[in-house]
Novice: 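Let me give you the structure first, and then I'll get to my questions.
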Number of protein chains: 2
Amino acid sequence: MSNTRPARDRILDAYEELLINEGPRGATLDAVVARAEVSKGGLLYHFKNKEAMAAALIARLEELAAADLVRMRADPEGPSRYLVRESVYVGSALDRALIGVVRLAQASDPDASAVLERIHRSWMDLVLEEVGHPAIARAIVLLGDGLYYNEGLPGGWPRDQDSSAAQSVADLLEVVDVLKAHAASVPQNR
Amino acid sequence: MSNTRPARDRILDAYEELLINEGPRGATLDAVVARAEVSKGGLLYHFKNKEAMAAALIARLEELAAADLVRMRADPEGPSRYLVRESVYVGSALDRALIGVVRLAQASDPDASAVLERIHRSWMDLVLEEVGHPAIARAIVLLGDGLYYNEGLPGGWPRDQDSSAAQSVADLLEVVDVLKAHAASVPQNR
DNA sequence: GTCTATACACCGATAGAC
DNA sequence: GTCTATCGGTGTATAGAC
């Protein structure tokens with residue numbers, strides 16, 4: 001397989017993938033080493049224990065999220081549309097890292113929760129800055145959250161199979177525009 | 001404690017609670033029997049194995065969800081507002097069962113996923129029936145999903161601590177009204 | 001119906017060879 | 001830097017006493 005990639009990266013990829021597909025329960029060291037095609041000793045050379053491996057995954061998410069935030073801020077369609085557009089799971093590196101760390105957080109990892117909170121807050125801040133209306137901003141971010149869970153978690157809510165993904169997103173972006181228009185017409189808050 | 005409740009119910013309650021607070025990983029038989037104040041043998045008399053215990057929890061959710069759907073259909077404010085109102089986690093029996101089974105689904109339990117899909121679809125059907133606009137209906141259901149994950153999962157997205165829960169819901173209900181009004185003004189679809 | 005005792009598999013981690 | 005071998009702990013489940 002892609003055995004050319006450094007072992008450290010292969011291990012992290014395998015761990016992430018197992019978190020997504022099998023959950024924290026299934027992401028055992030044995031499963032990771034099988035998927036990464038290294039031995040247990042090999043893994044524990046790169047990461048002294050499981051916690052260190054999780055920390056590395058969280059650090060990787062943080063980098064990817066920071067880069068994404070730059071793109072979100074610079075997007076010509078604005079942060080709100082960017083957020084909803086990108087909230088559909090397409091299996092990007094960020095998508096995978098995000099879902100993987102969500103799984104970790106669900107397994108009560110405080111560091112994972114903390115990173116997710118920071119990321120979430122950065123989204124909220126950017127969207128609020130754009131629409132200027134806290135309730136509308138919150139609704140847009142929540143919509144993205146719902147989308148992420150619907151589409152991204154194999155075992156979470158079921159994804160809607162009745163609508164093509166592309167059309168589905170286009171429709172939701174129209175809804176976002178409706179919300180943005182409303183916020184603009186009622187420049188009440190903040 | 002509430003040792004008057006039948007052992008079977010105590011076991012199920014304990015399992016549910018552990019799924020919510022500790023995740024599938026922490027919901028071990030040992031943890032369940034400790035919390036339910038029964039012995040391991042006692043548990044395995046009522047449920048022949050862990051899978052049977054999970055199945056019983058899923059069945060309990062199905063009953064609670066069916067009863068809730070009746071209320072949702074009959075609510076004077078309509079299904080959409082009912083859904084968003086009730087999507088904030090308040091620790092009701094339905095809330096707990098729902099989150100517990102979501103956790104099971106995240107641990108790749110196919111039966112759990114199937115029930116969640118049925119429940120989700122029934123919500124979507126009712127909301128769509130009310131607003132008559134698929135994209136708006138989808139947005140409203142997604143908003144509820146996002147809310148549920150934000151507030152209901154101890155380790156999921158962080159809950160917003162900056163706004164009081166009551167005010168937060170009231171604001172979101174206003175957003176729902178905006179969406180409903182838009183759907184009514186554009187009776188395009190279906 | 002509920003208990004104790006125990007079998008057995010699996011997981012995380014260490015030690016040490018190569 | 002990667003491997004094998006192995007230990008201690010924990011998890012599920014069974015057997016059988018009460």
Side-chain angles (χ1 to χ4, degrees), chain A residues 1-58 100-101 103-112, chain B residues 1-58 100-101 103-112:
Chain A
M1 203 140 304
S2 54
N3 232 337
T4 56
R5 230 167 124 69
R8 210 194 110 102
D9 293 333
R10 285 211 318 277
I11 291 167
L12 232 41
D13 291 345
Y15 182 45
E16 184 180 84
E17 196 67 17
L18 283 163
L19 279 174
I20 294 171
N21 295 332
E22 314 288 341
R25 188 90 199 261
T28 65
L29 294 191
D30 283 331
V32 171
V33 301
R35 182 175 262 268
E37 295 179 71
V38 292
S39 68
K40 207 180 280 197
L43 185 156
L44 290 164
Y45 166 78
H46 291 285
F47 306 99
K48 77 171 196 293
N49 55 28
K50 204 178 188 185
E51 195 185 334
M53 188 168 62
L57 189 65
I58 290 171
V101 173
R103 297 285 208 158
L104 277 181
Q106 284 161 358
S108 307
D109 181 317
D111 295 332
Chain B
M1 203 136 309
S2 53
N3 232 337
T4 58
R5 230 166 123 70
R8 209 194 112 102
D9 293 334
R10 286 210 317 276
I11 291 168
L12 231 41
D13 292 346
Y15 182 45
E16 184 180 84
E17 196 67 17
L18 283 163
L19 278 174
I20 294 171
N21 294 333
E22 314 290 341
R25 188 90 197 257
T28 66
L29 294 191
D30 283 331
V32 170
V33 301
R35 183 176 261 266
E37 294 178 74
V38 292
S39 69
K40 208 178 280 197
L43 185 156
L44 290 165
Y45 166 78
H46 291 285
F47 307 100
K48 77 172 196 295
N49 54 29
K50 204 178 189 185
E51 195 185 335
M53 188 167 65
L57 190 65
I58 290 171
V101 172
R103 296 284 207 157
L104 277 180
Q106 284 162 355
S108 307
D109 182 318
D111 295 331

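Just so we're clear, the structure is a prediction, and the values are computed from it rather than from any experiment. Naming convention: chains lettered A, B, ... in sequence-line order (proteins, then strands); numbering from 1 in each chain.
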Novice: Using atom CG of A/L29 as one end and atom P of C/dC11 as the other, report the distance to the nearest whole Å.
Specialist: 9 Å
Novice: Rounded to whole Å, how long is the line connecting atom CD of A/E22 with atom P of C/dC11?
Specialist: 12 Å
Novice: Taking NZ from B/K40 and P from C/dT4, how many angstroms apart are they, rounded to a whole number?
Specialist: 11 Å
Novice: Between B/F47 (CZ) and C/dG1 (C1'), how many Å, whole number?
Specialist: 14 Å
Novice: Yes or no on side chain to side chain contact (heavy atoms under 4.5 Å, CB included) for A/Y15 and A/L104, after CA distance, side-chain angles and deciding distance?
Specialist: CA-CA 11 Å; A/Y15 182 45; A/L104 277 181; 3.4 Å; yes
Novice: Test your reading of the model: is there a side-chain donor-acceptor pair from A/R103 to the backbone of B/Q106, 3.5 Å cut-off?
Specialist: yes
Novice: Given D/dG1, is OP1 or OP2 found less than 4.0 Å from the side-chain N or O atoms of A/Y45?
Specialist: yes
Novice: Rounded to whole angstrom units, what separation is found between the CG atom of A/D9 and the C1' atom of D/dG1?
Specialist: 15 Å
Novice: What is the separation between atom CG on A/N49 and atom P on C/dA13, rounded to the nearest whole Å?
Specialist: 5 Å
Novice: Please find the pair of heavy atoms, one from A/A56 and one from A/R8, that lie closest to each other, and give the distance.
Specialist: CB-NH2, 4.0 Å
Novice: Report the nucleotide, chosen from D/dT2, C/dA13, C/dC3, that has the shortest atom-to-atom distance to any side-chain atom of B/S39.
Specialist: C/dC3
Novice: Atom CD1 of A/I11 to atom P of D/dT2: distance rounded to whole Å?
Specialist: 8 Å
Novice: Give a yes or no on whether the backbone of A/R10 and the side-chain of A/R5 come within a donor-acceptor separation of less than 3.5 Å.
Specialist: no
Novice: Figure out the CG/P separation between A/L18 and C/dG12, and round it to whole Å.
Specialist: 11 Å
Novice: Taking the side chain of B/V38 as heavy atoms from C-beta outward, which of C/dG12, C/dC3, D/dA13 is closest to it?
Specialist: C/dC3
Novice: Any chance you could measure A/K50, atom NZ, to A/T28, atom OG1, to the nearest 0.5 Å?
Specialist: 6.5 Å
Novice: Mapping A/R25 and A/L43 onto DNA chain D by nearest heavy atom, which one lands closer to the 5' end?
Specialist: A/L43
Novice: Hey, does B/T28 reach any base, or is it just sugar-phosphate, or nothing, if we go heavy atoms under 4.0 Å?
Specialist: sugar-phosphate
Novice: Need one value for B/L44: base, sugar-phosphate or nothing, where a base atom within 4.0 Å counts as base even if backbone is also close, heavy atoms only.
Specialist: base
Novice: If you find the nucleotide of DNA chain C closest to A/K48 and the one closest to B/H46, which residue's nucleotide is nearer the 5' end?
Specialist: B/H46
